[in-house]
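One structure is given here, and the rest of the page talks about it.
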There are 2 protein chains.
Amino acid sequence: MRKTRVTLKDVANKVGVHSSTVSRVLNPETRKMVTEEIAAKILSAATEMGYRPNAFAQSLKTNRSFTVGLMVPDLTNPAFAPIIKGIDNMLEAHGYSVIVANTYNLPEKQQSTVEKFRERHVDGLIIATAKRKDKLIDDCRREGTPFVQAVRASNDTDVSSVLSDEHIGGNMVISHLAQLGHKRIAYVAGPQLFSTGYERYQGFLQGMKNAGLKPDRDLVVFCDEFSEEEGRNATSKLLAGRKKFTAVYAGNDIMALGVYDELEADGIKCGKDISVVGFDDMPFADKFNPPLTTVHTPLVNVGAEAARILLENISDPDILARSIKLKPDLIVRASTGRVK
Amino acid sequence: MRKTRVTLKDVANKVGVHSSTVSRVLNPETRKMVTEEIAAKILSAATEMGYRPNAFAQSLKTNRSFTVGLMVPDLTNPAFAPIIKGIDNMLEAHGYSVIVANTYNLPEKQQSTVEKFRERHVDGLIIATAKRKDKLIDDCRREGTPFVQAVRASNDTDVSSVLSDEHIGGNMVISHLAQLGHKRIAYVAGPQLFSTGYERYQGFLQGMKNAGLKPDRDLVVFCDEFSEEEGRNATSKLLAGRKKFTAVYAGNDIMALGVYDELEADGIKCGKDISVVGFDDMPFADKFNPPLTTVHTPLVNVGAEAARILLENISDPDILARSIKLKPDLIVRASTGRVK
DNA sequence: ATATGTTATGCAATCGTTTGCATAGCTTTT
DNA sequence: AAAAGCTATGCAAACGATTGCATAACATAT
C-alpha cells in the first residue's frame, strides 16, 4: 500500500539538495547545469526511490499535456482500427497519449467532446468526423489548438488534412470494370455531406468520363449513411428500376456488403452475374463471400501521417496547413469478373 | 487568437468576489453555501465568459484525474472494438476519459504502459492483456490503483474481472456438433497462457465429456497465437495426421478463418465436408464464406461491465473483488452441418 | 443593549513542478 | 591581494484550482 508517491522534494531531501536541482537534473535540457557528481547521485536516488513525475503538476506549469484528442465517428467500424493504430504508434513514440472519443456523427456529441478535450488541455486534436461544411472545424480553427483532419475533411483549405486520394481510386475502379467489358455501372453513393462520400462520387464520374462511359442518372443512388442497410436499400432501388446494370460500385466496403446481401437475396451471384466493388479494403474484406474487389486505402499510414503532421504543428504552431492525399491501390478479388 | 483561458480568478474579478466563492458556486456540492443571488451572478458570468476549469489544476489538488487507462493487445483485432465501445460509453457517461494503449503482447510494452498511466495518475485501469500468470497483475495489485481485467484474466482470485463464460460456450458448441452427428471433433486451441485459450480448451474437454465423446489427443493442436496463420498451421497438421475428423472447433474466429483457408486449399468444403466453429462472434463473422457458426460473446457488455465495476472500485477502493462471467450464445450459421 | 449564534465570504495554504533571479563560493585577472 | 567574472545551487513565485479556518455581518436570545 504505497499510496504516497515519491515527489521531487523527497528525492531532494534524500540527496540533501533543493528540489529545483533535482528538477534540473531530471530534465535532460538542464542537466548540464549541475555538477556531474551531484547529478549522478540524484539520478541514482531517483531511480532507487522510484520517482515518477506528476504529470498534472508538470502540465500545469508548462501548459503542455503530451496528450492528444482523437475524434472518430464510431470505432466499431473496423476501418478505424488501423487508423487509430497508425496514430497511436506515431504519437506514443513521441511521448504522447491518445484520448479517443466516439461521436456517432452527432453534432452535440462532437461539441461536448471538443470541450472535454479543451478542459483536458490536449496539445492537439485529430478529427476524423468532419463534414464538408462543419461548424466544429471553424470553432477549432478559432480556438487555436493545433489539429488535423484525417480520413474525412471539411472544405476549408487552410487546415491540415490527411486523406486518401478518392479520385484516383474511382478512376482505377472504373477502368478495371471497363476493361472487363462493363458499361452499365451503377453507383451506390455514400453521404455527400462527407468528403469521402462526395469525392468518391466525383471520382466515379471522372472515371466514367475517362473511360468514355456515360454515367446513367438512374443508376446512381445516394445513401444517408455508410451502412449495410443503406447499401441494401440502394440495391433494392436499383433492382426495382427498369435500367439494367452489370456492375455496382459502392461508396465503401460496408455498403458493398449490403449490396451483396440484396443481390444474393434476388438470386444474383455477386462476381459472376453482377460485379461489385467497394472502397477502403477494410480488414477481412478478403474473407467475404465472394472476396471483395476494393480500393485499398493505406489506413495505417493515414493515421500515422495525420499524427506526424499534428506533431509538426504542435512544435511549430505557425507552420502552414498541409493537405496530404495518399495513393490508394486497387485490390482485385473475386467480386468482379468479365461482363456476361 | 484567444490563447488566454478564462480562470476562476477572472470570473471572480468580473463579479467582484473571491475566487474561492466562484469555486464553491461552480461545484454543485458546495453551491448551497453561497447566497443565491450571488451564485446566480457568478453562474451567468462564468458561462458568459466561457469558463472551463483547468483539469490539471483540479487533478493536482484533488488527486483525481477522471481518466482511466485501457490496455489492449492490439486494437486491430476487430473483436476489441465493441469492447472499447462498451467501456467508453459507460465511462464517458460518468465524466471519465479513456486513454488507450496497444501492448502487442509485449511484456516491456505492458510495463512501460502501466508506468505511463501511473504518471498520468489514471484513476483506474482496465487490462485486457493479462496472461494466466502475470507479473504485471501482481505489480498493479501492489501499487494500489483500482483495476479490473476484461476478456482475459490472470489466475488471481482477488482481483476483479469480466469475462465470458468459456466453459458454457464449449458445451454449447460440442452439443451442437454432437447433435449433428459429429463424433470426431478436432480442436484448434489458442495459446494456453491466456485464460481464453485455456478455459476454452477446458470447455471443449468438458463439452466432449458431457456429450459422451472422447477427445482424441491427436486431434488437438495447440497454437502460439490467436492468428489466422496459426489456424492454418494447425489445420495442415491435422490434415497431415492420419486421424479422420468431421469437425474443427477453433479457439477463436480468427483462427477459424485460418482453418477455412487450409481446408479450402485442400479442396474441402467448409460446412459441407467438414464443419467449422469459432468463438467470439467478431464483427462480420456472418459475412465469411461460409458464414461462421460461432459462440457469441457479448463484447459490448463485457466492456460496459468492466467499466462499471471499475467505477465502483474507484468510488469505494475497499470493495471486494468481483468476477463476472457473461453468458455467451451459440450462433448457428452455415459453417456447421450434419456429418457426412 | 449586550451576549450568543448563525451564516456567507474571504484568506491563505496546498498540490508538485518549473524557472527567473539572487547569491555563495570559486577561479581568474591585474 | 583586490576586483571582476563564472558557475553551481538555492530561493521563491508562479500555474489554477480546492478547502479548512478565520471573520465580518447580521439575526436572535437574554
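Reminder, nothing fancy here: chain letters follow the sequence lines and each chain counts from 1.
Among the nucleotides C/dT9, D/dT19, D/dA12, the one closest to the side chain of A/Ser20 is D/dA12. Comparing atom distances between the A/Thr35 side chain and each of C/dG10, D/dT9, D/dT18 picks out D/dT9 as nearest. When the nucleotides C/dT9, D/dG10, C/dG16 are ranked by their closest atom to the side chain of A/Thr7, C/dG16 comes out on top.
The distance between atom CD1 of A/Ile42 and atom C1' of D/dA8, rounded to the nearest whole Å, is 11 Å. Here the P atom of nucleotide D/dG10 and the NZ atom of A/Lys9 are 13 Å apart, to the nearest Å. Taking atom CE of residue A/Met33 and atom C1' of nucleotide C/dT19, one finds them 9 Å apart after rounding to whole Å. Atom CG of A/Leu8 is separated from atom P of D/dC11 by 15 Å (rounded to the nearest Å). In this structure, A/Glu36 places its CD atom 15 Å from P of D/dT7, rounding to the nearest Å. Residue A/Glu29 contributes atom CD, which lies 9 Å from atom P of C/dT19 at whole-angstrom precision. For the pair A/Arg120 CZ and D/dG16 P, the computed distance is 18 Å after rounding to whole Å. Whole-Å rounding puts the A/Glu37 CD to D/dT7 P distance at 19 Å.
Side chain of B/Ser23 to main chain of B/Ser19: no donor-acceptor pair is present (N/O by atom type, distance under 3.5 Å, no hydrogens or angles). Using a distance-only test at 3.5 Å, with no hydrogens or angles considered, no donor-acceptor pair links the side chain of A/Thr67 to the main chain of A/Val122. A donor-acceptor pair is defined here as one N or O able to donate and one able to accept, closer than 3.5 Å; such a pair exists between the side chain of A/Ser59 and the backbone of A/Ala55.
Residues of residues 43-66 of chain A having a heavy atom closer than 4.0 Å to DNA chain D, listed by number: A/Leu60, A/Lys61.
Each of B/Ser161, B/Ser160, B/Ser154 was scored for a side-chain hydrogen bond (donor to acceptor under 3.5 Å, both in side chains) with B/Gln149, with one residue passing: B/Ser154.
Between B/Arg118 and B/Glu115 no salt bridge is recorded (no basic side-chain N to carboxylate O distance below 4.0 Å).
Open room surrounds CD on B/Glu29; 12 or fewer heavy atoms of other groups in view lie less than 6.0 Å from it. Annotation: B/Lys41, atom NZ; neighbour count of heavy atoms from other residues, nucleotides and ligands within 6.0 Å does not exceed 12.
Here A/His18 reaches the OP1 or OP2 of D/dC11: one of its side-chain N or O atoms lies under 4.0 Å away.
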